[in-house]
Amino acid sequence: MTQQIVVRYGEISLKGKNRSEFERILVRNLRNALVGVDGARVHHHGGRMMVECDEADADEVVHRLQRVFGVVSLSPAKVSALSVDAMAQAAVAVYRDAQTGGAKTFKVEVRRANKRFPIPSPELASELGGRILKAGAGAVVDVHEPDVTVFVEVRDAEAIVYGAKIPAVGGMPAGSAGRVGLLLSGGIDSPVAGWLAMKRGAELEAIHFHSYPFTSERALQKVEDLAQILADWGGRVRMHIVHFTDVQTEIRKYCPEALGITIMRRMMLRIAEEICRRRKLLALVTGESLGQVASQTLESMQTINAVTRWPILRPLVAEDKVDIMRRAREIGTYETSILPYEDCCTIFVPKNPRTRPRIDEAEAAEQALDIPRLVEEALARTEMKTFTARRNG
Ligand code: ATP
Ligand code: MG
């Protein structure tokens, strides 16, 4: 038996060309998400998206579709011919499925998109309700708070009948908003920030600054694992690994210790901006959250931000740490993020970092550095890796 699944996608605000682009990318992403499920098909016509699969694969397919950005909700559905008998049969089957799950009370809701179908919605609803009462032992009507609502959509060529609306992740299809650079550390915040940007349609290219041998191979592996988890959500994540040790060593050697973090961040941004330029990434995304640590005061952000005119998106700017941690658990990055391996920033932490570094101080301190050369050399030592979604099935 084949199972049909109604796929609802959102953004009521989408119009015209944006809408067709959104749909085109969503269909592509749905198909990608279903790779490996034999016989699964995505259909899109007349403003309706349906996935068809083998009944035995339905749970797996629903699970995968729930994670596709842009999908708002899903309903396993029966498709019936446009006759009252066929619709009644489907409605009874939907009610019985819900009954197996513990539902007792129900109501029927009809939407008649096809106005040529002769029976008006209220009449059809009560007719189908009557058939369920007759067929299902113990069925009880409750129009106010039913355990299950049996939805019947009367379309031009067929009727679609379904019960539950299973919530999905929402957002915009990955890739519909263009590509961004994600400053990805091994911490809790930046993977969540990247996930949120991806949920709004961005394709990510992660940029990670690595300080081997001050930080271990395992620290790098951890960040790669995080990029892989993000790729499992978004389909593909490229990652640029910048070997940053020499830059850090020079900062330590020539700049005042209290400004070390500020200057290091400014160097990261300069290098990241150049990667953006070369890779045509439209913005940078960071995991910064206002006030969280010394380098995330507004003064510090201003001084760090002053080296670039590239747009910097901070999806977590107003989030509390507990909420970020909860989100990290939901998306599956938390357990990896809390592994103890040091990332490059923890090893050069000065005893008394300036919490409110000024731009002129940072600029004065940087006089000692040959910035264009440092940027150029770091770029020459940058490697790129590509992570693609792992499919279990
Ligand atoms: P996170 O949990 O994301 O590491 P954090 O709370 O530790 O964030 P910071 O260490 O101040 O905060 O880093 C702020 C942001 O700078 C990070 O969210 C990330 O976007 C970026 N960042 C920090 N370290 C690195 C790194 N080694 N490589 C790339 N980006 C980094
Ligand atoms: Mg960090």
Side-chain angles (χ1 to χ4, degrees), residues 180-197 202 204-212 214-216 219-224 226-227 229-230 237-245 247-248 251 260-276 281 283-301 303-305 307-308 310 312-325 327-329 331 333-350 353-355 357 378 381-383:
V180 301
L182 167 68
L183 289 174
L184 181 63
S185 72
I188 293 170
D189 304 332
S190 46
V192 175
W195 186 87
L196 287 169
L204 303 181
E205 295 208 0
I207 301 170
H208 176 66
F209 295 88
H210 180 54
S211 313
Y212 187 77
F214 297 108
T215 56
S216 63
L220 178 58
Q221 185 59 49
K222 169 179 161 178
V223 182
E224 291 185 14
L226 290 168
I229 295 168
L230 292 173
V237 171
R238 289 214 164 86
M239 177 162 152
H240 305 273
I241 301 161
V242 184
H243 292 266
F244 199 51
T245 320
V247 176
Q248 286 189 304
I251 294 172
I261 298 274
T262 305
I263 294 172
M264 185 184 79
R265 292 262 186 248
R266 283 162 61 97
M267 289 306 299
M268 282 185 179
L269 274 189
R270 290 181 172 112
I271 295 165
E273 178 186 313
E274 196 48 42
I275 293 175
C276 287
L281 311 177
L284 281 166
V285 175
T286 78
E288 287 164 301
S289 165
L290 195 54
Q292 203 183 79
V293 292
S295 59
Q296 294 175 25
T297 61
L298 280 174
E299 290 86 347
S300 179
M301 281 189 195
T303 298
I304 293 165
N305 212 150
V307 299
T308 180
W310 225 257
I312 299 183
L313 311 181
R314 299 179 175 87
L316 301 179
V317 71
E319 292 288 330
D320 292 336
K321 191 76 184 187
V322 284
D323 296 324
I324 300 172
M325 284 161 67
R327 176 81 80 176
R329 286 198 191 88
I331 67 175
T333 54
Y334 185 78
E335 295 301 326
T336 304
S337 287
I338 59 171
L339 292 172
Y341 318 121
E342 310 243 303
D343 72 17
C344 77
C345 307
T346 36
I347 53 168
F348 288 103
V349 174
R354 286 289 309 274
T355 52
R381 282 190 302 267
T382 297
E383 299 166 61

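For reference, positions follow the sequence shown, starting with 1. First listed ligand is number 1; within each ligand, the first listed atom is number 1.
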Ligand 1 to L183 polar contact by distance, N or O atoms, under 3.5 Å: yes
Sub-4.5 Å side-chain heavy-atom contact between H243 and I241: yes
Donor + acceptor pair across side chains of E383, H240 (<3.5 Å): no
4.5 Å side-chain heavy-atom contact, S289 and Q296: yes
Side chains of I188 and Y334 in contact at under 4.5 Å (non-hydrogen atoms): yes
Check: T308 side chain, E273 main-chain N or O, donor-acceptor pair, under 3.5 Å: no
Which residues share a side chain to side chain donor-acceptor pair (under 3.5 Å) with E224, sequence neighbours left out: K385
Nearest-option assignment for atom 23 (C) of ligand 1, heavy atoms, candidates M268, H240, R265, E288: R265
Distance filter under 4.0 Å to I188 heavy atoms, resulting ligand 1 atoms: 2 (O)
Any N or O of F209 closer than 3.5 Å to N or O of ligand 1: yes
Candidate with minimal heavy-atom separation from atom 2 (O) of ligand 1, of V192, D189, L220, L182: D189
Any N or O of P191 closer than 3.5 Å to N or O of ligand 1: no
S211 vs T245, side chain to side chain donor-acceptor pair (under 3.5 Å): CA-CA, chis, key distance, verdict: CA-CA 4 Å; S211 313; T245 320; 4.9 Å; no
Distance-only N or O hit between ligand 1 and G287, under 3.5 Å: yes
Contact atoms of ligand 1, heavy-atom distance to G187 under 4.0 Å: 1 (P), 2 (O), 4 (O)
Atoms in ligand 1 with a heavy atom of S190 nearer than 4.0 Å: 1 (P), 3 (O), 18 (O), 19 (C), 20 (O)
Any N or O of K321 closer than 3.5 Å to N or O of ligand 1: no
Numbered atoms and elements of ligand 1 in range of I207, under 4.0 angstrom, heavy atoms: 29 (C)
T286 N/O to ligand 1 N/O under 3.5 Å: no
A283: partners by side-chain contact (heavy atoms from CB on, under 4.5 Å), with sequence neighbours left out: V180, P311, L313
